[in-house]
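To keep things clear, I will list the structure first and then write my remarks on it.
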Amino acid sequence: MALHIPFDNTYALLGPGFFSKQLPDPVVAPRLIAFNQRLADVLQLGAGEPAEMEQIFAGNQIPAGADPLAQAYAGHQFGNFNPQLGDGRAILLGEVTGTDGVRYDIQLKGSGRTPYSRQGDGRAWLGPVLREFVVSEAMHALGVPTTRALAAVATGETVWREGGMPGAVLTRVAASHLRVGTFQYFAARGETEALKRLTTYAIERHYPQAQGALGLLRAVRDAQARLIASWMSVGFIHGVMNTDNCSISGETIDYGPCAFMDQYRADQVYSSIDRMGRYAYANQPKIVVWNLAQLATALIQQLDDPQEAVEEATAIIHAMPSLIEVEWLRLFRRKLGLETVAPEDLDLISDLLQLMSDGQADFTNTFRALSEGNAVEQFRDAKAFEVWNARWMQRRAQEQNAEALMRASNPVYIPRNHKMEEMIAAAVAGDFTLFERLRVVLATPFDVQPGAEDLRRAPEAHEVVGATFCGT
Ligand code: AMP
Ligand code: MG
């Protein structure tokens, strides 16, 4: 049976300044590594033969209705503005509407050079493709808004990084690929008409109830505030929170050197290129506010009375830290089984995190152990934990549903860094067993699963991964 993708493309209608039409570069020997059938069902893709899917998701065959293009955008990278980034190794095939009524982009990543490639080869290697596949799907299962992974294809070609690596293409699905950097691109060029068109498009596509540029700013702020709080609640560190990686839809996007923390440390950094710790775990709430301030600066350039707009935009941005904190508190309360609100909750949570930091406790396993009654084992100083535990027990006495709430809020399994590395090394050697196991186990991360103890265990000292790489 032939794969049928019911494309209905709208981004291409924005006009030529928004993209470059670009076909993917064919690859020599595509082989389908993974296909996400449940996501395909949401996207209403007809069933296809593997041979055909390999060709399509490698970029060798353009499906009917596709209108391949590379999107233009700008962005602040580590605080420095680059007016010209764009899809250097990604191609938007087109859009489909899911069974949930949401319009989705279907994008190939690693599909060859585009006019925005600069010095890059437009390709991706197997490691980052499998990593993004597993981590983005795990995030979805954890309840964190994110782009999804539809397919992974090995290209049969060699990609040159530190050495020769097997090439691969990821098919990514997103509510859209509009970024803060997309707005910055037109603002920096002084293209006010295009900026207005983009604003209208973003409102219609993501926030139909929002009114005007400042209404859009408010809606994106709220979505990003919720997103960052949910990252914090699962110990996720994005690693490259540049404005081109900050999505208008409020989804996690661009899984480069991202990582889930093992031991809890507020200043934890994994990315090897983040030398100043700009994107450290506890900096993420501050950085997203900075990113939204850049969106505000871009958006107000289209308004008739910029001075009046500056004041209102400033107020919108200044409200963001407390919005993040409110959501953060709500999520961490749930992690402690607390549905009701009490004034001492912030101290209770902060004191636990301080104990975890002092005791080098594993973030994920400590929270899960709280609901399983054996958290004391996670702490070096049992006495200090018992003092905290007595406070928590007293606070919990007001709750009806603590156990169930905690089991639904504290995952058993996360994509642990040392397991990601083991998975990639095995896959490069031709063994995809661990990749397949991770896909299955991380699909229901809140359920204890027999035979998956190794995926739950915190790394031994010699297994700890200290640094992650962009791996582009
Ligand atoms: P990222 O750090 O992945 O968000 O990418 C930043 C910019 O570099 C984007 O414009 C990417 O499209 C571009 N880029 C990253 N890797 C490559 C590559 N291998 N070839 C061409 N462009 C790339
Ligand atoms: Mg990016």
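For this chain, numbers begin at 1 and follow the sequence in order. Both counts, for ligands and for their atoms, begin at 1 and track the order of listing. Remember, predicted model here, so these are calculated numbers, not experimental data.
For ligand 1 and Asp244, the ligand atoms under 4.0 Å from any heavy atom of the residue are 4 (O). Under a 4.0 Å criterion applied to the non-hydrogen atoms of Gly86, ligand 1 contributes the atoms 9 (C), 10 (O), 11 (C), 12 (O). Atoms of ligand 1 found under 4.0 Å from any heavy atom of Asn245, numbered from 1 in the order shown, are 4 (O).
Heavy-atom separations between Gly122 and ligand 1 include at least one value shorter than 4.0 Å. At a 4.0 Å cut-off, at least one heavy atom of Arg161 sits close enough to ligand 1 to count as contact. In this structure, Gln119 does not count as a contact residue of ligand 1, since none of its heavy atoms falls inside 4.0 Å of the ligand.
For ligand 1, none of its N or O atoms has an N or O atom of Gly120 under 3.5 Å away. No N or O atom of Gln77 sits closer than 3.5 Å to an N or O atom of ligand 1. Residue-to-ligand polar distances keep Asp87 apart from ligand 1: every N/O pair is separated by 3.5 Å or more. The shortest N or O to N or O distance between Val240 and ligand 1 is not below 3.5 Å.
Among the atoms of Asn245, an N, O or S atom falls under 2.8 Å from the Mg ion (ligand 2).
The nearest N/O/S atom of Asp254 to the Mg ion (ligand 2) is OD2.
No salt bridge links Asp362 with Arg456; every basic N to acidic carboxylate O contact stays at or beyond 4.0 Å. Here Asp25 does not pair with Arg89 in a salt bridge; the nearest charged N to carboxylate O distance is not below 4.0 Å. A salt bridge links Glu312 with Arg218; the closest basic N to acidic carboxylate O contact falls under 4.0 Å. With salt bridges taken as basic N to acidic carboxylate O contacts below 4.0 Å, none links Asp87 and Lys109. With respect to Lys419 and Glu463, no salt bridge is recorded, no charged nitrogen being found less than 4.0 Å from a carboxylate O.
Ring-centre distance between Tyr279 and Phe78: below the 6.0 Å cut-off.
Both tests pass for Arg278 against the ring of Trp290: distance under 6.0 Å to the centre and angle within 45° of the axis.
Here Tyr73 has side-chain heavy atoms under 4.0 Å from ligand 1, and that is the only part of it that gets that close. Within the 4.0 Å heavy-atom criterion, the part of Arg123 lying near ligand 1 is the backbone and not the side chain.
When all heavy atoms of Gln301 and Thr192 are compared, the closest pair comes out as O-CG2, 4.0 Å.
In this structure, Arg31 contributes its side chain and Ala154 its backbone to no donor-acceptor pair below 3.5 Å.
Across Arg89, Arg179, Arg118, heavy-atom proximity to atom 17 (C) of ligand 1 is greatest for Arg89.
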Show your working on ring pair (Phe, Tyr, Trp, His ring centres under 6.0 Å) between Phe236 and Phe260 and close with a plain yes or no.
-> CA-CA 5 Å; Phe236 179 79; Phe260 282 78; 5.4 Å; yes
